[in-house]
> 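My questions all concern the structure below.
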Number of protein chains: 2
Amino acid sequence: MARLPVYLRALNALADAGTATCSSEHLASVAGVNSAKLRKDLSHLGSYGTRGVGYDVEYLRYQIAREIGVTQDWPVVIVGIGNLGQALASFSGFRSRGFRVVALLDADPDRHDQVVAGVEVRPFDDLEGVVRDQGVAIGVIATPAVAAQDVADRMVGCGITSILNFAPAVLAVPEGVDVRKVDLSIELQILAYHQQRKAGVDATTPVPTRKVGSA
Amino acid sequence: MARLPVYLRALNALADAGTATCSSEHLASVAGVNSAKLRKDLSHLGSYGTRGVGYDVEYLRYQIAREIGVTQDWPVVIVGIGNLGQALASFSGFRSRGFRVVALLDADPDRHDQVVAGVEVRPFDDLEGVVRDQGVAIGVIATPAVAAQDVADRMVGCGITSILNFAPAVLAVPEGVDVRKVDLSIELQILAYHQQRKAGVDATTPVPTRKVGSA
DNA sequence: TAGATTGTTAATCGATTAACAATC
DNA sequence: TAGATTGTTAATCGATTAACAATC
């Protein structure tokens, strides 16, 4: 369930604020969801609340972390150490949320031996060795679009079955491999779409002539 | 409709490949969706296809770009020019997809006068002036979580009504303001969740004692 | 017991998709 | 005309949410 990480973050916030117990209503408002939906989601995990009382923040937090699988650290490899790759490698949030960046790989020799966030940048061809030695199951692609499919193929080839793709390209992967995509342009375009509707903009640029049916 | 940008990207790919006409089946496979869904989505925009023939790639591309609102450039301001902010500022995809980064703002004086991707980093207090002068409607937040709400408040205060938030924080904004959130940790956690299920991992770490009901 | 809140049921809503009549 | 493919209908599916019985 894609909302579990959101609940986990909300529970972390409550725990940081020193809250020991919370109702579904309270947690739902922190997480920004409907309380009935929250209760239904949680009921899929088991019966971790107490009727008339609510949820123990620490206990529920652990149960959700266990359900997601972030009670242990997941080794992660990042491929493509350009601006975005470097930013990802430097992102401290990964470490505290159950992930450990074990290798940074890049096809460009000029980037090798560079150190980003304390990790050395290595040749892309080290992929298979790193994945084997470190037991990597999750790969992050931060390369240009043209390279993304090749990187994905190599990742799949050496046993990675979960890929987070930042390259603006649709990846073809075999059954059983999960790909999640973060596409910055698409996020902005969705905002632009809504923004245009708010502003009541009407486009007055010339329309290209229709070609189907003619010629 | 959140899928329009995906179709637009698919159409761009087809146009680059020199395809002049495509069927809903073809376009759907490039975009990675069901063809019936694609036709239904497109039918909301109008009747831009030709029965028995298909869609004119260039014509449909323009129509979708117009619908989204990216036939003109949208001025965008990025706040928080750390690693991620710099990566976003340097991302060439924005320019080609209808967005123009008009200002980079950061509260840290040490970052001022630094130039990232040809744009000078300016004080955060320049926000109101930039938004007014450049007609900015879309703001990007790439600050640490603690600063995000303040930045959002200031943005809303000077008329920005679309926000793309990279900070791992839930933003409270007034009705009418759109916030989209990109959360790197949550994306990875969703992958971890599925990965755990594939691997059949059973967590054997000790469970904290339940506190509700006792004490 | 009385009040509070969960876990679950059932109703509602919207999204997906198969199928096909319209039509190029 | 015959083949192809759209635009749309109607059926299916799943997700959301209000309501409430269970129960602490």
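Here is the naming used below: chain letters follow the sequence lines, and residue numbers restart at 1 for every chain.
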> Count the heavy atoms of every other residue, nucleotide or ligand shown that sit under 6.0 Å from CD of A/Glu25, and state whether that count exceeds 12.
no
> Can you tell me the distance, in whole Å, between the NE2 atom of B/His44 and the P atom of D/dG7?
12 Å
> Pairs counted only when both distances fall under 3.5 Å, Watson-Crick or G-U: show me the 5' to 3' dot-bracket for DNA chain C, [ ] for pseudoknotted crossings and | for other-strand partners.
..||||||||||||||||||||||
> Within the side chain of A/Thr50, is there an N or O that forms a donor-acceptor pair under 3.5 Å with the backbone of A/Val53?
no
> Of all heavy-atom pairs between A/Asn165 and A/Ala148, which one has the smallest distance, and what is that distance?
OD1-CB, 4.4 Å
> Can you pull out the residues from residues 34-42 of chain B that lie within a 4.0 Å heavy-atom distance of DNA chain C?
B/Asn34, B/Ala36, B/Lys37, B/Arg39, B/Lys40
> Could you check whether A/Tyr48 and A/Tyr59 have their ring centres less than 6.0 Å apart?
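Between A/Tyr48 and A/Tyr59, which both carry aromatic rings, the centre distance is below 6.0 Å.
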> Nearest whole angstrom, please: distance from the P of D/dA4 to the CD of B/Glu25.
13 Å
> Would you tell me if any nitrogen or oxygen in the side chain of B/Ser47 comes within less than 4.0 Å of OP1 or OP2 on D/dG7?
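The answer is yes; a side-chain N or O of B/Ser47 sits under 4.0 Å from OP1 or OP2.
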> Rounded to whole angstroms, how far apart are CG on B/Leu45 and C1' on D/dT6?
14 Å
> Hey, is A/Arg154 close enough to A/Asp125 for a salt bridge, meaning N to O under 4.0 Å?
yes
> Short question: side chain of B/Lys181, backbone of B/Val170 - any donor-acceptor pair under 3.5 Å?
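No: the side chain of B/Lys181 does not pair with the backbone of B/Val170.
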> Of B/Arg66, B/Arg61, B/Glu67, which meets side-chain hydrogen bond (donor to acceptor under 3.5 Å, both in side chains) against B/Gln63?
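Result for side-chain hydrogen bond (donor to acceptor under 3.5 Å, both in side chains) with B/Gln63: B/Arg66.
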> A/His26 has an atom NE2; how far is it from atom P of C/dA4, in whole Å?
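The answer, rounded to whole Å, is 17 Å.
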> Can you tell me which residue pairs pass the side-chain hydrogen bond (donor to acceptor under 3.5 Å, both in side chains) test with a partner in residues 91-100 of chain B, sequence neighbours excluded?
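Listed once each, the pairs would be none.
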> Considering just the side-chain nitrogens and oxygens of A/Tyr55, establish if one lies under 4.0 Å of OP1 or OP2 belonging to C/dG7.
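For C/dG7, OP1 or OP2 has a side-chain N or O of A/Tyr55 closer than 4.0 Å.
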> Donor-acceptor check, side chain of A/Ser90 to backbone of A/Gln86, threshold 3.5 angstrom: yes or no?
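Confirmed, A/Ser90 side chain pairs with A/Gln86 backbone.
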> Can you check whether B/Ser24 has a side-chain N or O nearer than 4.0 Å to OP1 or OP2 of D/dT6?
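Checking D/dT6 against B/Ser24, a side-chain N or O does come within under 4.0 Å of OP1 or OP2.
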> Taking CG from B/Asp56 and P from D/dT6, how many angstroms apart are they, rounded to a whole number?
13 Å
> Could you give the CZ-to-C1' distance, from B/Arg3 to C/dA15, as a whole number of Å?
8 Å
> Examine the base of C/dT6 for any acceptor or donor lying under 3.5 Å from a partner atom in the side chain of A/Arg51, and report the outcome as yes or no.
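Indeed there is one.
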